[in-house]
Amino acid sequence: MDEYDYHFEAKVDLHDFGRMAYRVVYVPKKLLRQLPMKGNPRLRIDGEVAGLLFHGAFQPVGDGRYFLMLSKAFCKPAQIKVGDRVFVSFRIADQQAVHVPRELETALNANDRARKIWDSISAGKRRGFAYRVSSAKKPETRENRVEEVIETLFTLEDVAG
């Protein structure tokens, strides 16, 4: 039995965002009609792209199309280039799930005030903060970013309070 509920094949394209361009695969419209997009404008998925594990979200273009962004960090070791055709297999992920880096989790567990604020913000904001920490390559940068996140959480509390 297949572990993924959905599959499609698509060409890797460049999606232009003004002065920036990202590698993406567009989700076939026929498949979109099968997915719960109305309640989840950025539907999170877990699966495989070109046989490699992938966690991401379908992003709206604005014209009824959606894409899956493939980062440079993902494409380079996988040797995926613009113009390549890739096979995507996925399941709908828990829309509230957040993968918290160990360093950030440790800091949150050590600070009740920060944990309370963290638990009160949206999953999307938590994912953004988690990405800020996990995207740092050097351990010292990760630790600096953890401190930055904790300070920002306190700022959020001050603004809401």
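The figures that follow rest on heavy atoms only: side chains count, while hydrogens, waters and symmetry mates do not.
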| message | Taking the cut-offs as 6.0 angstrom to the six-membered ring centre and 45 degrees off its axis, would you call Arg42 and Phe58 a cation-pi pair? | response | no
| For residues 71-91, which residue pairs qualify under salt bridge (Lys or Arg N to Asp or Glu O under 4.0 Å), counting only residues two or more places apart or in two chains? | Glu3-Arg91, Glu9-Arg85, Lys81-Asp84
| said: Could you check whether any side-chain N or O of Arg126 sits under 3.5 Å from a backbone N or O of Val98, counting only pairs where one atom can act as donor and the other as acceptor? | reply: no
| message | Determine whether Arg127 and Ser122 satisfy the following criterion, side chain to side chain donor-acceptor pair (under 3.5 Å), listing intermediate values before the conclusion. | response | CA-CA 9 Å; Arg127 276 191 291 276; Ser122 71; over 6 Å; no
| Short side-chain to backbone donor-acceptor contact, Thr155 and Glu151, under 3.5 Å | yes
| note | Nearest heavy-atom approach of Ala57 to Leu68 is O-CD1, 3.6 Å
| request: Start with the C-alpha distance between Glu48 and Phe54, add both sets of side-chain angles, then the distance that settles side-chain contact (heavy atoms from CB on, under 4.5 Å), and finish with yes or no. | output: CA-CA 5 Å; Glu48 296 179 5; Phe54 186 87; 5.9 Å; no
| query | Should Val25 and Phe67 be marked as a side-chain contact (heavy atoms from CB on, under 4.5 Å) after you check the CA-CA gap, both sets of side-chain angles, and the distance that decides it? | reply | CA-CA 5 Å; Val25 291; Phe67 63 79; over 6 Å; no
| field | Pairs flagged by salt bridge (Lys or Arg N to Asp or Glu O under 4.0 Å) wherever residues 26-39 is involved - sequence neighbours left out | value | none
| message | I'd like to know if the side chain of Asp13 reaches the main chain of His15, judged simply by a donor and an acceptor atom lying under 3.5 Å from each other, with no hydrogens or angles considered. | response | no
| Short question: side chain of Gln95, backbone of Asn40 - any donor-acceptor pair under 3.5 Å? | no
| message | Please check: side-chain N/O of Gln96 versus main-chain N/O of Asp94, any donor-acceptor pairing under 3.5 Å? | response | no
| Phe90/Leu31 under side-chain contact (heavy atoms from CB on, under 4.5 Å): CA gap, chis, key distance, verdict | CA-CA 12 Å; Phe90 69 95; Leu31 177 60; 3.8 Å; yes
| request: Would you indicate whether Tyr131, at its atom OH, is surrounded by more than 12 heavy atoms from other residues, nucleotides or ligands within a distance under 6.0 Å? | output: no
| query | Which value, rounded to the nearest 0.5 Å, describes the distance between Ser89 atom OG and Ile45 atom CD1? | reply | 9.5 Å
| task | Starting from the C-alpha separation in whole Å, work towards a yes-or-no answer on ring-ring contact (aromatic ring centres under 6.0 Å, His included) for Phe8 and Tyr26. | result | CA-CA 10 Å; Phe8 68 94; Tyr26 291 99; over 10 Å; no
